[in-house]
Each structure stands twice: as C-alpha cells, then as structure tokens.
Amino acid sequence: MYNFKEIVAREDRLAPGHRMCAGCGGTIAVRNVLKAIHPGDKAVVGNATGCLEVSTFMYPYTAYKDSYIHNAFENAGATMSGVEGAYNALRRKGKLDETYKFITFGGDGGTYDIGFQSLSGAMERGHDMVYVCYDNGAYMNTGIQRSSATPMFADTTTTPVGKNSNGKVQYRKDLAAIIAEHHVPYVAQTTFVQNFKDLYKKSEKAIYTPGAAFLNIMAPCPRGWRYNTPDIIEICKLAVETRYWPLFEVIDGRWILNYQPKNYVPIEEWLVKQGRFKHMFKAGNEWMIEEFQKEVDRRWAQLVDRCDEITGA
C-alpha cells in the first residue's frame, strides 16, 4: 500500500555536497526517484554523461549511496541492460540472493538524442530496469545547446534569437509517447507538483513493475531557462496547468491521464516566466505565442483522445 509520509521520511540515497547548481531540477528529480526504493532493497544507478554525472561523480568519489556506474552519452541503456542480465545470471546460479533495482538517469541530450538507440534497445528487449530522463530541454552541461526536447522558439546557444532567427524552429519530440510504442509495461510523465506525490507514486510503480519502465520528468534548469531560481515549483505547476506538460501514465498499453486542469490557462503564463522566450513578447511577435498555443492544444487533444481513463481534477 502506498504511504506518502513513509516515503518522504526515508533516508536520501543521493548525498548532499555534490556540485549541481542551486535549485537544479535534475538533482530534485534524482533525489525523489531514489526515495521510492523500498528500505532494504539495493540499487545500481547508471548515469549518462551530462550535468548530473559531472557534478555527482568526481572520481574516486560519488554522491550516491548505492552502486554507481558512469557510462558514455550514448550507451546508458545498454550498460544497465548488461548489469541487469548479469544480476539475473548470478541469481540463477545461487550466487546472489539480495534484491537489487536497476535505475539509469540521463538528461534529454543523452536520452532523446545521443542515447536514444541504446534506450530503445533496452526497452524493446524488456530488461527489468527503469530509465529516468530528467528533461531540462537542452544540452545544459555543454553550454545550453538545443536538443530535440527543446521547445519551439526557445533561445539557445545553437538557436540564438536575432534579426534572422526566432529561436528553435522545430517542435519538441514526444519521447514518452515514442517509448510507449515499445509496448513496455510502464511509461509515465511527471514533474514537481502536488507536493511531489505524483512523482513518488510513478517512481514506485516504475521501479516495482516487472520489466522495462520509463519515466520522463520535466526538470527545469534556472541557467538555461533563465527564471528566478526559487520559482521552480511555480514553473512546473504552470507547465501542467497550461497543458504543456501533461501528467499521464501508460500501463500495459492503457493510457491514463492523471490530471485535467479545471480552468483554461493560456500558454503565455508559462512562457513569460522564462528568459529564453522573452523575444516572443516583443511587438510583432504575437504570432509565435499563437503558434505555440496551437501546438499545445493539438497535442492535448491527441492525448485526451488516446487515453482510456482520466483521473484527478
């Protein structure tokens, strides 16, 4: 039975003293996902190259209290697949009887883009592991370059806004939907809302559902998104209320919408909070906000149509 207070009270498996930025969404995601591991169970944590890796693993030291593996940008899924396979082989031979969980973290650069082939293979093969993407919408570790998770019109160092550019011209990739098409037992999308209850519940489901699971967590980056650091929870809440970042899960192919906003909140209320979109509010650029809103509305309608069940407000 799910016990929210008991989960919150658990010891952190990510130790303090790492070098992540103050208010980093990635760190918040990792810390809370790991709390969903049941006391007594052990874990092997994998980590694709990125902000999280360079700041929580300084050889020979690591901020993780569980076993930790750093691998290259492109092979996080394959690495954990191999570890999970070795674990099963040792159990079959009677050489290991402890319960281990296998969790890999990667940013959107190492997940949506560079590591996608490795992730896709691990999901298709059905390894009993969880891949967690902390989605901050760009290659933040190397200088805020655009990724396929970057929203349309965002100002990044490789899609700079200027006289001849309006920022990124492409829509963001819907990776959670793509992984759901791999027919894995569990896929979910979440962020930091509802006192983290949605994040905790989905993390526990992902970790303890037999087979492959995928979590996509919107993890704002104050440097790349250019917002006031303490506003991270408001940014996440607005992303959900504007329907830009819907909360949903896919359980054995059954789509469930976990939250439906009661009131219509226009997308500009989310955009205006972030410096990467400030050019959209200049005179003559109203069409950008309209275009962004149309895409949000289109994807929301598509999601609602695909869902078998709608829960929550």
Side-chain angles (χ1 to χ4, degrees), residues 4 7-8 12-36 47 50-56 63 105-112 132-141 143-144 146-147 149-151 153-156 172 175-176 188-203 215-248 258-259 261 265-278 280-281 292 296:
F4 178 65
I7 290 177
V8 173
D12 286 324
R13 290 175 181 251
L14 179 68
H18 51 70
R19 300 186 297 183
M20 295 292 273
C21 297
C24 171
T27 314
I28 297 171
V30 172
R31 177 172 175 261
N32 289 287
V33 168
L34 294 179
K35 274 183 176 283
N47 194 184
C51 289
L52 183 66
E53 178 269 318
V54 301
S55 300
T56 60
F105 294 100
D108 49 279
T111 306
Y112 281 67
V132 180
C133 176
Y134 63 98
D135 186 343
N136 55 32
Y139 290 80
M140 299 303 182
N141 180 50
I144 317 175
R146 59 87 82 193
S147 76
T150 305
F153 299 131
D155 180 18
T156 75
R172 63 174 292 274
L175 185 58
Q189 185 163 285
T190 185
T191 188
F192 315 141
V193 291
Q194 303 170 337
N195 295 321
F196 294 89
K197 285 186 178 181
D198 191 74
L199 174 57
Y200 283 131
K201 287 181 178 180
K202 288 173 177 174
S203 297
L215 285 177
N216 202 28
I217 305 173
M218 191 182 79
C221 171
R223 283 197 69 243
W225 293 22
R226 285 176 273 162
Y227 63 87
N228 187 25
T229 300
D231 293 341
I232 185 169
I233 301 300
E234 182 182 7
I235 294 288
C236 293
K237 181 179 179 181
L238 284 170
V240 174
E241 294 294 334
T242 58
R243 303 175 300 182
Y244 170 77
W245 193 263
L247 305 178
F248 65 86
N258 305 119
Y259 178 76
V265 179
I267 193 62
E268 56 257 40
E269 292 195 23
W270 182 70
L271 297 172
V272 76
K273 297 286 186 180
Q274 305 165 59
R276 60 179 176 162
F277 297 120
K278 68 178 182 179
M280 298 173 68
F281 293 87
F292 203 111
V296 168

**Student:** Taking only residues two or more places apart in sequence, or in another chain, which ones meet D155 in a salt bridge (charged side-chain N to carboxylate O under 4.0 Å, His left out)?
**Tutor:**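 Scan of D155 (salt bridge (charged side-chain N to carboxylate O under 4.0 Å, His left out), adjacent residues dropped) gives R226.
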**Student:** Considering residues at least two apart in sequence or located in another chain, which fulfil the side-chain contact (heavy atoms from CB on, under 4.5 Å) criterion with V272?
**Tutor:**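 In terms of side-chain contact (heavy atoms from CB on, under 4.5 Å), with neighbours along the sequence ignored, V272 is linked to F281.
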**Student:** Donor-acceptor pair, Q189 side chain versus P246 backbone, under 3.5 Å?
**Tutor:**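 Confirmed, Q189 side chain pairs with P246 backbone.
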**Student:** Atom CG in N216, atom CG in D135: separation rounded to 0.5 Å?
**Tutor:**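 Spacing of CG (N216) from CG (D135) equals 5.0 Å.
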**Student:** Can you list the residues that meet the side-chain hydrogen bond (donor to acceptor under 3.5 Å, both in side chains) rule with S147, with sequence neighbours excluded?
**Tutor:**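 S147 satisfies side-chain hydrogen bond (donor to acceptor under 3.5 Å, both in side chains) with D108 only.
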**Student:** Please lay out, stage by stage, how N258 and K201 fare under the test side-chain contact (heavy atoms from CB on, under 4.5 Å).
**Tutor:** CA-CA 11 Å; N258 305 119; K201 287 181 178 180; over 6 Å; no
**Student:** How would you list, by chain and number, every residue that makes a side-chain hydrogen bond (donor to acceptor under 3.5 Å, both in side chains) with K237, sequence neighbours excluded?
**Tutor:**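 Result, side-chain hydrogen bond (donor to acceptor under 3.5 Å, both in side chains) vs K237: none returned.
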**Student:** Hey, does T242 have a side-chain heavy atom less than 4.5 Å from the side chain of V296?
**Tutor:**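 Not in contact.
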**Student:** Is a side-chain donor or acceptor of T150 paired with a backbone partner of G137 at a separation under 3.5 angstrom?
**Tutor:**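 The answer is yes, because a donor-acceptor pair under 3.5 Å joins these two groups.
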**Student:** Applying salt bridge (charged side-chain N to carboxylate O under 4.0 Å, His left out), name anything that partners E269, two or more places apart in sequence or on another chain.
**Tutor:**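 Here no residue qualifies.
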**Student:** Measuring only between side-chain heavy atoms, which start at C-beta, is L247 closer than 4.5 Å to K202?
**Tutor:**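 Yes, their side chains come closer than 4.5 Å.
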**Student:** I'd like to check the side-chain hydrogen bond (donor to acceptor under 3.5 Å, both in side chains) partners of Q274; sequence neighbours left out, ordered by chain and number.
**Tutor:**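 side-chain hydrogen bond (donor to acceptor under 3.5 Å, both in side chains) list for Q274, sorted by chain: R276.
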**Student:** My understanding is that only one of I232, D231, T229 makes a side-chain contact (heavy atoms from CB on, under 4.5 Å) with P220; could you say which?
**Tutor:**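 By the side-chain contact (heavy atoms from CB on, under 4.5 Å) criterion, P220 pairs with just one of I232, D231, T229: I232.
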**Student:** With N136, which residues qualify under side-chain hydrogen bond (donor to acceptor under 3.5 Å, both in side chains), at least two apart?
**Tutor:**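 Partners of N136 under the side-chain hydrogen bond (donor to acceptor under 3.5 Å, both in side chains) test: none.
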**Student:** What I'd like to find out is whether the side chain of E234 reaches to under 4.5 Å of the side chain of Y227, using heavy atoms alone.
**Tutor:**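 Of all side-chain heavy-atom pairs linking Y227 with E234, none is under 4.5 Å.
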**Student:** Enumerate donor-acceptor pairs with a distance under 3.5 Å from any side-chain N or O in residues 21-34 to protein atoms, sequence neighbours excluded.
**Tutor:**
residue: R31; atom: NE; partner: D12; partner atom: OD1; Å: 3.2
residue: R31; atom: NE; partner: D12; partner atom: OD2; Å: 3.1
residue: R31; atom: NH2; partner: D12; partner atom: OD2; Å: 3.4
residue: N32; atom: OD1; partner: Y200; partner atom: OH; Å: 2.5
residue: N32; atom: ND2; partner: I28; partner atom: O; Å: 2.7

**Student:** Checking A239 now: which residues fulfil side-chain contact (heavy atoms from CB on, under 4.5 Å) with it, not counting sequence neighbours?
**Tutor:**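 Applying side-chain contact (heavy atoms from CB on, under 4.5 Å) to A239 gives M218, Y244, W245, W270.
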**Student:** Does NZ or CZ of K197 come closer than 6.0 Å to the centre of the six-membered ring of F4, within 45° of the ring's axis?
**Tutor:**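 So K197 does make the cation-pi contact.
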**Student:** Applying ring-ring contact (aromatic ring centres under 6.0 Å, His included), can you list everything that pairs with F105, at least two apart in sequence or on another chain?
**Tutor:**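 By the ring-ring contact (aromatic ring centres under 6.0 Å, His included) rule, F105 matches no residue at all.
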**Student:** Would you please name every residue forming a side-chain contact (heavy atoms from CB on, under 4.5 Å) with S55, sequence neighbours left out?
**Tutor:**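 Only R19, M20 meet the side-chain contact (heavy atoms from CB on, under 4.5 Å) criterion with S55.
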**Student:** Who passes side-chain contact (heavy atoms from CB on, under 4.5 Å) against A219, sequence neighbours left out?
**Tutor:**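 With sequence neighbours excluded, A219 shows a side-chain contact (heavy atoms from CB on, under 4.5 Å) to Y134, F192, given in chain and number order.
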